Protein chains: 2
Amino acid sequence: MDDSLSRTFAALADPTRRAMLVRLSKGEATVNDLAEPFLKEMSLPAVTKHLKVLERAGLVTQSKDAQRRPRKLEGERLKHALDWIEQYREIWEESFDRLGEYLKTVQAAKKTPTKGKKNGRKR
Amino acid sequence: MDDSLSRTFAALADPTRRAMLVRLSKGEATVNDLAEPFLKEMSLPAVTKHLKVLERAGLVTQSKDAQRRPRKLEGERLKHALDWIEQYREIWEESFDRLGEYLKTVQAAKKTPTKGKKNGRKR
DNA sequence: AGTTTAATTAACTCACTAGTTAATTAACTT
DNA sequence: AAGTTAATTAACTAGTGAGTTAATTAAACT
């Protein structure tokens, strides 16, 4: 796991980190802000480590404000990840189409019911 | 890492597995087909393991053909992953907009050059 | 100067990941 | 029935990930 895209996906593969990104999408936040919802589940250093993962992936950057280190969401790597997945769009859209076709068939069958299996048609 | 989205992102966080998905997007393939490009770098059982990861994430399914076990790409989980990232679209689009604004400013500055910094205008 | 706040670093543990080779299963071929 | 092909399972190892507590750094407050 050494390339940028792998680091991005690996960073996204954790619910705590995803929740932090959601929080950051609402605006900058300090470590304490980000940690607050998780302090029942984990310690502050654990949060710092999650932030390190997000930073190494380029999803988040820090700035400085006295002893605070506000974090900010960076969109670029998210866009790269989205672009990679995007290339498969037709895969799920085509199975959606097939589902649509199937539903149409079922509908049609209901409207013109046939007596036996003999009359089952294939579009 | 227990939920579906985490498993999906974790599965995508490896270049070998992403390459396998690219191959599968071109159509069904057997384990040997999928392994072939990687056999200089890793063994067949390693490939089987990568496939297990993709299957546990629901990205790939198997079928049966004699002793072959052809794999097929399933789009649904990819769509879920894309949908999750999609919620951040405005993050990168707004920074793109800011870049656009900046470039416009630079352009404008070139067209109507000023003498000193006194005349530097903001938007 | 001493204390509090904000965050990180150090050192350690445990579980999981990614790989290995060797053995096994399952189905087809001769 | 014996051999080949296709793939998986078993057993193991090295490295990494996610967490812990304790100690440390850095800046602000009194």
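Treat the numbers as computed from the prediction; the structure is a model and nothing was measured. Chain letters run A, B, ... following the sequence lines, proteins first, then strands; residues in each count from 1.
Under 4.0 angstrom from either OP1 or OP2 of dA7(C) there lies at least one side-chain N or O belonging to Asn32(A). Neither OP1 nor OP2 of dG17(D) sits under 4.0 Å from any side-chain N or O of Lys52(A). At dT20(D), one or more side-chain N or O atoms of Ser43(A) fall inside 4.0 Å of OP1 or OP2 (strictly under the cut-off). Note on Thr48(B): a side-chain N or O is less than 4.0 Å away from OP1 or OP2 of dT8(D). In this model, the phosphate group of dG17(D) is not approached by any side-chain N or O of His50(A) to a distance below 4.0 Å at OP1 or OP2.
Relative to the side chain of Asp14(A), the nucleotides dA27(C), dA18(D), dA27(D) differ in distance, and dA18(D) lies closest. Side-chain proximity of Arg17(A) to the nucleotides dT8(C), dA18(D), dC28(C) is greatest for dA18(D). Among the nucleotides dG19(C), dA7(D), dT20(D), the one closest to any side-chain atom of Arg71(B) is dA7(D). In this structure, the nucleotide among dT21(D), dA7(D), dG19(C) sitting nearest to the side chain of Pro45(A) is dT21(D). Of the candidate nucleotides dT21(C), dT20(D), dA18(D), dA18(D) has the atom lying nearest to any side-chain atom of Val53(A). Distances from the side chain of Gln67(A) to the nucleotides dA6(C), dA7(C), dC28(C) place dA6(C) closest.
In this structure, the NZ atom of Lys64(A) is 9 Å from the P atom of dA26(D), given to the nearest Å. As a whole-Å value, the separation of Met42(A) CE from dT20(D) C1' is 12 Å. In this structure, the CG atom of Leu44(B) is 10 Å from the P atom of dT20(C), given to the nearest Å. Between Leu39(A) atom CG and dG19(D) atom C1' there is a gap of 14 Å when expressed in whole angstrom units. Atom pair Glu36(B):CD and dA7(D):P shows a separation of 13 Å (rounding to whole Å applied). Distance CE (Met20(B)) to P (dA7(D)): 12 Å, rounded to an integer number of Å. The nearest whole Å value for the distance from the CZ atom in Arg68(A) to the C1' atom in dT25(D) is 16 Å. At whole-Å resolution of the value, CG in Asp65(A) and C1' in dA27(D) are 11 Å apart.
Comparing Glu41(A) and Asp33(B), the nucleotide of DNA chain D nearest to each residue sits closer to the 5' end for Asp33(B).
Exactly one of Glu55(A), Lys72(A), Glu74(A) qualifies for a side chain to side chain donor-acceptor pair (under 3.5 Å) with Thr61(A). That residue is Glu74(A). Just one residue in the list Leu73(A), Asp33(A), Leu59(A) forms a side-chain contact (heavy atoms from CB on, under 4.5 Å) with Leu24(A), and that residue is Leu73(A).
Between Trp84(B) and Phe9(B), the angle of the ring planes goes over 60°, which puts this pair in the perpendicular group of the 30/60° scheme.
Nucleic acid contact class of Thr16(B) (heavy atoms, under 4.0 Å, all strands): none.
Closest non-hydrogen pair, Ala81(A) versus Leu5(A), comes out as CA-CD1, 3.9 Å.
Side-chain N/O atoms of Lys49(A) and base N/O atoms of dG17(D) include no donor-acceptor pair closer than 3.5 Å.
Residues Glu76(B) and Lys79(B) are not paired through a salt bridge, judged by the lack of any N-O separation under 4.0 Å between the basic side chain and the carboxylate. Salt-bridge formation is detected for the pair Asp3(A)/Arg18(B): a Lys NZ or Arg NE/NH1/NH2 atom is positioned less than 4.0 Å from an Asp or Glu carboxylate oxygen.
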